[in-house]
Number of protein chains: 2
Amino acid sequence: MASIKNVAAEAGVSVATVSRVLNDHPSVSAEARTRVLAAVETLGYRPNAVARSLRTDQTHTLGLVISDVLNPYFTELARSVEEEARALGYSVIIGNADEKPELQDHHIRNLLDRRIDGLLVSPTDGGSPLTLDAARGGTPMVFVDRWIPAVDVPVIRADGRAAVRDLVAHLHGLGHRRLAIIAGPAATTTGSERVEAFRAALREYGLPLPDAYIGQGDFQAESGRRATEAFLDLPEPPEVVFAADNLMALGALDAIRARGMRVPHDIALAAFDDIPWFVHTDPPITAIAQPTGELGRAAVRALVDRIEGRPPQSETFLARLVVRRSCGEPASPRGLSPQPPSPQRSNT
Amino acid sequence: MASIKNVAAEAGVSVATVSRVLNDHPSVSAEARTRVLAAVETLGYRPNAVARSLRTDQTHTLGLVISDVLNPYFTELARSVEEEARALGYSVIIGNADEKPELQDHHIRNLLDRRIDGLLVSPTDGGSPLTLDAARGGTPMVFVDRWIPAVDVPVIRADGRAAVRDLVAHLHGLGHRRLAIIAGPAATTTGSERVEAFRAALREYGLPLPDAYIGQGDFQAESGRRATEAFLDLPEPPEVVFAADNLMALGALDAIRARGMRVPHDIALAAFDDIPWFVHTDPPITAIAQPTGELGRAAVRALVDRIEGRPPQSETFLARLVVRRSCGEPASPRGLSPQPPSPQRSNT
DNA sequence: CTGAAAGCGCTTACAG
DNA sequence: CTGAAAGCGCTTACAG
């Protein structure tokens, strides 16, 4: 593959001049520029990004470590991250942790070794030593969706508490009193917060949240299935299952179907995170929707701000309830489907 | 960040010795090794992969350019690719073309500039000059799922012809005679092949495939919606719509639902590519399933073979029909759902 | 077993 | 405006 030396030789100039042309440095004569460009063309030369990175100590690359690519929520997040990064002149390398802390650490280490300019993380756990070191060690970092409380890293996320409250109001209005939740790992912020929001909302309605109605999941489908089976085996099964993410809702649906039961007739179902298929499932599933694309874009902007020396800002968006039919027919046709014109934010 | 020089100073040896220890070179004294390892530990040293790549001309990185990350088929493909690559000591950088040739070229160029060791591509088009140049220019390359006929590059893919024949047999058995297809872009192999397979199968049953029953889609949901609307506007609408991928099936479902029609009562629906949600849609959707994980893993193995100097092999897996209820109730309960114990392959 | 030195492909003060 | 030279952090013949 042609190197800058070959181009210099072909154009009859020094490599310094070639480099200047390539980097749009102002002090290059028009003639030199023309000759260099011609040489680049005939040789099909492309600068070696590896060499450039070594010299400039910049890779123009962002690392994104997500918990699970197969989760449509994270897929969409990854897509919006890549889009915004590209618009700002960065590439992104995705590391999929599959909800496994070791795998997350593997990717963080790999990304750090590649000297990415900044790291976007949606932590799978409460914070491995490696993650904490990286955060404190000066690697520009931003948390997105999930975060680690102990460290001083900007967080871009959605607050789902109001939406969970709306959901509980909806369920209560439908006459449901025995509500259960399939939680995510307690070590993740989204894992514990969604349970807390649910518990707080139930309290407002004077409803209990017995331990037996808290299924321990890991955000993957299989755990949703197991938790739901446990619920159905209870002497007094819940009337509603609220899955803390869409994959566990899928597992719950599998379990319900396997018993020949029907939603919402035999049991109601709702999920955190909305996906296009929820419109077409049997029945359409009531869900809490996050402004995923906005989260991804805001996270990139915050990270690039940090990288380029501007003060990054944490940002919190609002999730909202989307009522469909999986919890029963709403009393009134207009139901309780709050649709704020656009998600509000609060800067921190 | 500590460099190899700092480690050498700390350990009281030369950088060459440090390098040898790090690369498990045999001729290093036990004592030197111990001292170096200790220095690495105290400094928290991590080798700079950028510098190493420049020197060795290897990045241990594979590029994967897929047509659309939001398509669960490609998400799963990407996941299996990353898994197998990791097992073989490679990282992967994913480029999402979003079914846009320009974006595909952007990613290929970016990946080439980063000097990835090899490229896995599922081309969005019939072959841009850039792709062809890269293929001919000696960059190790393997096509996965879709391919470009003109170039000599190994192809890892699934053959869906038998499954499409099974599907048509199923539909015919159910009494359907007016069958329509939403095709992918003719410039992609999967776009044209699926139509051809469908046409050939219809011919076996003496059924026509009029132009009006061929909707032109682009593998994205919106195009599936538009094509379906056009079908429904026909004086004699089809009895069955076969979407050439799962996202266009989603769009078709949206269009059908928007007209207040029901599947399969008013119109039947089937899709190429199976996804977990198809079990839970209303009704469950009959689909053709590819062995996606196997495709991804085989593609990585072929590419790594090529990179490491072993002869790579093309491989063709078999897709299979999964009958559910979206085309009507099967005549016999055991239906026609061929389930070969394991997908067969044919090497080329 | 070990170190000094060259070199991978760039960029960038420095001098002219 | 231009070029010679240093240097980014590594690896690896080469000599000892």
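Within every chain, numbering begins at 1; the chains are lettered A, B, ... in the order of the sequence lines, protein sequences first and strands thereafter. All values below come from the heavy atoms of this structure, side chains included, with hydrogens, waters and symmetry mates left out. Bear in mind that the values here come from a model prediction, so they are computed numbers and not experimental data.
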- Message: Go through it in stages, so that I can follow the logic: the residues are B/Arg114 and A/Ser91, the test is side-chain hydrogen bond (donor to acceptor under 3.5 Å, both in side chains), and I'd like the CA-CA distance, side-chain angles, deciding distance and then a yes or no.
- Response: CA-CA 11 Å; B/Arg114 287 164 182 278; A/Ser91 306; 2.9 Å; yes
Please check if any side-chain donor atom of [X] sits under 3.5 Å from a side-chain acceptor atom of [Y], or the reverse.
X	Y	result
B/Arg52	B/Asn48	no
B/Ser67	B/Arg146	yes
B/Arg157	B/Thr189	no
A/Asn96	B/Glu82	no

Nearest whole Å is fine: how far is [N] [atom2] from [X] [atom1]?
X	N	atom1	atom2	answer
B/His60	D/dT11	NE2	P	11 Å
B/Gln58	C/dC8	CD	P	16 Å
B/Asp57	D/dC10	CG	C1'	13 Å
B/Arg33	C/dT2	CZ	C1'	13 Å
A/Leu54	C/dT12	CG	P	13 Å
A/Leu43	C/dG9	CG	C1'	15 Å
B/Arg55	D/dG7	CZ	C1'	16 Å
A/Arg35	D/dC1	CZ	P	15 Å

- Item | Rounded distance in Å between the P positions of C/dG9 and C/dA13 | 23 Å
- Item | Separation between the C1' atoms of D/dT12 and D/dG16, rounded to whole Å |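 The same atom, C1', in both gives a distance of 16 Å.
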- Task: May I ask you to say what A/Ser27 touches in the nucleic acid, namely base, sugar-phosphate or nothing, with a heavy-atom cut-off under 4.0 Å?
- Result: base
- Query: Hey, does B/Thr56 reach any base, or is it just sugar-phosphate, or nothing, if we go heavy atoms under 4.0 Å?
  - Reply: sugar-phosphate
- Item | Within residues 5-26 of chain B, residues whose heavy atoms come under 4.0 Å of DNA chain D |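 Output list: B/Lys5, B/Ala16, B/Ser19, B/Arg20, B/Asn23.
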- Could you check which of D/dC10, D/dT2, C/dC10 has an atom nearest any side-chain atom of B/Tyr45?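 Shortest atom-to-atom distance from the side chain points to D/dC10.
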- Message: Which nucleotide wins on minimum distance to the side chain of A/Val28, given the candidates D/dC10, D/dT2, C/dT11?
- Response: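 Shortest atom-to-atom distance from the side chain points to D/dT2.
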- Within less than 4.0 Å of OP1 or OP2 of C/dC10, is there a side-chain N or O belonging to A/Ser53?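 False: A/Ser53 side-chain N/O out of range (4.0 Å or more) of C/dC10 OP1/OP2.
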- Before accepting this row, confirm whether a basic side-chain N of the pair A/Lys100/B/Glu83 lies closer than 4.0 Å to the acidic partner's carboxylate O.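 Looking at B/Glu83 together with A/Lys100, the answer is no, because their closest N to O distance does not fall below 4.0 Å.
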- In terms of heavy-atom contacts, does CG of A/Asp57 have more than 12 from other residues, nucleotides or ligands at under 6.0 Å?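 Atom CG in A/Asp57 is not packed in, count stays at 12 or less.
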- Item | G-U wobble or Watson-Crick pairing nucleotide for D/dA4 (cut-off 3.5 Å, both distances) |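 Looking at the geometry, D/dA4 pairs with no nucleotide.
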